[in-house]
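Order of appearance sets the numbers: ligands from 1, and atoms from 1 within every ligand. Numbers for residues simply follow the sequence, beginning at 1.
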Amino acid sequence: MYSLLKVVFLLVTMTVAHNSEDFCNIDNKSCGPDISNDKYVFYDVNPPEGFNLRRDVYMRFAIMLAEAHKVGKNDNWRLVLPPWKNLYHWKTKSSRSPAVPWGHFFNINSLKSFAPVVELHEVFDKTEGKSLKIDRVYVLQNFADAFENGDFTDKWEISRGCSYGGFWGYNNVTSNVIECVNFQGKISKLWELIALHPSDRYVMFAHAEIPLHDTYGTKTFWDCRRSMKFNENLVTRAEDFISKYLNCDTKICNNYASVHWRRQDFARYRKNDVPSIKGTAKQIHKQIKQFNSYINTVFIATDADMTSLRQLELELTQLGYLVYYFKPSTADLDKYKDGGIAIIDQIICSHAAYFIGTHESTFTFRIQEEREILGHESRTTFNRLCPDKGRCEKPSKWTIVH
Ligand code: GFB
């Protein structure tokens with residue numbers, strides 16, 4: 001009888017909130033009602049924020065939880081990985097719905113080796129009934145004046161005037177308690193909010209992009225970053241491409257350069273930071289010649305429309321380059337989704353002998369980190385495209401700490 005009930009329960013929860021091949025298997029001992037003392041931190045990010053800022057927000061929370069566990073404080077709290085749903089930049093139909101679990105993009109065991117994380121479907125596996133009631137949602141907001149008396153101090157205060165209706169579009173995830181909090185400063189201060197209601201078991205933070213890293217660029221930061229290994233299918237697809245078209249079978253290649261050419265909103269609204277198409281080709285040529293004049297192969301990762309990409313390709317071809325880009329088939333898009341295609345582009349850029357990025361793009365930042373992890377010399381990584389005219393600030397160098 002218990003087995004029958006369990007099968008019914010599994011079927012219900014799988015259709016409601018599961019989206020993974022890694023569903024709750026009847027043989028899996030971790031499935032079934034949660035009788036542990038585990039408590040769960042959920043978070044959600046401002047809808048327009050992109051994939052690569054969200055990866056950094058994850059790191060802030062993962063480090064917060066990992067650090068607490070390290071010192072034996074709050075060590076019954078787990079971090080729930082918010083499913084990927086309807087990201088503004090992900091236009092392909094198969095990428096918008098249903099929600100995509102983190103395991104699709106990342107190696108979950110590797111994430112778990114750094115921080116106590118669980119997928120949302122793992123929480124559902126342990127939830128009785130088909131709904132999840134979050135005890136309290138703290139909706140974080142910025143203070144109206146971040147620099148009171150000229151100082152930026154870490155602080156929070158309960159406030160008003162907020163709302164939250166997200167829950168990744170799941171109508172079986174709800175909360176009766178929404179609290180507005182003006183917040184600024186280090187993420188570890190969220191423990192003070194959590195401590196206000198010790199009996200809460202499921203606590204959520206909306207606008208989780210507001211709290212900042214306690215410390216940025218430290219060994220702990222890099223340990224966390226290193227644990228964000230990609231899903232093996234994405235790595236294989238990218239490495240097959242590199243092997244087949246770019247003739248390299250190692251993680252650090254010496255025969256091609258790569259460029260992250262961010263367009264779309266950057267080309268429209270950041271004219272002072274990004275070059276024209278002709279200007280882009282000229283700069284790529286100049287930088288490659290300065291680095292290694294034998295390199296004549298360039299890989300372009302971009303969100304540009306096909307017409308612009310073809311124009312850049314033509315310019316570079318006229319300068320004597322072989323130009324490659326990863327053009328996903330419909331099957332690739334269905335399988336890997338827009339986020340996976342972006343990661344494949346990032347992996348291909350990360351293996352290149354020399355990389356040129358786009359100023360202030362978090363997509364570029366994540367490639368730079370990947371290259372630091374692989375062990376490239378920093379001078380081959382922290383390079384940027386400049387505007388055709390005017391000032392061009394040097395990119396900040398966030399080098400790895402071991
Ligand atoms: O990751 P992302 O937020 O970095 O970029 P930024 C936005 C999305 O655009 C990515 C697509 O998640 C991808 O879906 N994209 C950008 C790309 N570049 C590439 C590429 O080379 N290859 C592929 N396959 N996809 C932020 C925005 O962008 O910039 C914010 O998210 C805002 O909304 C801010 O506009 C200024 O940091 O570049």
Are the aromatic rings of Phe105 and Trp90 close, with centres under 6.0 Å apart? yes

Protein contact to atom 12 (O) of ligand 1 [nearest heavy atom, distance to 0.1 Å]: Phe51 CB, 3.3 Å

Please list, one pair per line, the donor and acceptor atoms closer than 3.5 Å that link side chains of residues 292-300 to other protein atoms, with sequence neighbours excluded.
from: Asn292; atom 1: OD1; to: Tyr294; atom 2: N; distance (Å): 2.9

Check contact between Arg270 and ligand 1, using heavy atoms of the residue and a distance below 4.0 angstrom. yes

Residue part near ligand 1, for Asp345, under 4.0 Å between non-hydrogen atoms: side chain

Taking it one step at a time, do Glu67 and His69 satisfy side chain to side chain donor-acceptor pair (under 3.5 Å)? CA-CA 5 Å; Glu67 290 290 279; His69 279 229; over 6 Å; no

Using a strict threshold of under 4.0 Å (side-chain N to carboxylate O), is an ion pair present between Asp200 and Arg136? yes

So which heavy atom in the protein is nearest atom 4 (O) of ligand 1, and how far is it from that ligand atom? Thr362 OG1, 3.0 Å

Report the nearest protein non-hydrogen atom to atom 26 (C) of ligand 1: residue, atom name, distance rounded to 0.1 Å. Arg262 NH2, 3.6 Å

Run His376 and Ile252 through side-chain contact (heavy atoms from CB on, under 4.5 Å) and show every step you take. CA-CA 7 Å; His376 287 278; Ile252 297 192; 3.6 Å; yes

Number the atoms of ligand 1 from 1 as they appear, then name those within less than 4.0 Å of a heavy atom of Pro48, with their elements. 33 (O)

Please say which of Arg263, Lys91, Arg262 ends up in a salt bridge (Lys or Arg N to Asp or Glu O under 4.0 Å) with Asp303. Arg262

Before accepting this row, confirm whether a basic side-chain N of the pair Asp240/Arg237 lies closer than 4.0 Å to the acidic partner's carboxylate O. no

What are the atoms of ligand 1, with element, lying closer than 4.0 Å to any heavy atom of Gly50? 3 (O), 31 (O)

Test of proximity, Glu49 against ligand 1: N or O pairs below 3.5 Å: no

Quick one: do the Asp56 and His213 side chains pair a donor with an acceptor below 3.5 Å? yes

For atom 15 (N) of ligand 1, state which one of Asp265, Thr302, Ile367, Asp303 supplies the nearest heavy atom. Asp303

Do the side chains of Lys251 and Glu239 get close enough for a salt bridge, i.e. N-O under 4.0 angstrom? yes

Residues at least two apart in sequence or cross-chain that pass side-chain contact (heavy atoms from CB on, under 4.5 Å) with Lys155, listed by chain then number, are Phe143, Glu148, Thr153, Gln184

Going by heavy-atom distance to atom 33 (O) of ligand 1, choose the closest among Arg268, His89, Arg263. His89

Nearest to atom 19 (C) of ligand 1 by heavy atom, Tyr325, Trp261, Phe363, Phe365: which? Phe363

Report, in ascending order of atom number, the atoms of ligand 1 lying under 4.0 Å from any heavy atom of Ser361. 6 (P), 37 (O), 38 (O)

Does the residue Phe326 have a heavy-atom contact with ligand 1, meaning some pair of atoms that are separated by less than 4.0 Å? no

shortest atom 1 (O) of ligand 1-to-protein heavy-atom contact is with Asn52 ND2, 2.6 Å

Indicate, as side chain, backbone, both or neither, the part of Trp90 found under 4.0 angstrom from ligand 1 when only non-hydrogen atoms are considered. side chain

Strictly under 6.0 Å, is that where the ring centroids of Trp398 and Tyr216 end up? yes

Return the residue, atom name and 0.1 Å-rounded distance of the protein heavy atom closest to atom 29 (O) of ligand 1. Phe266 CE1, 3.4 Å

With a 4.0 Å heavy-atom cut-off (strictly under), which part of His260 contacts ligand 1: side chain, backbone, both or neither? side chain

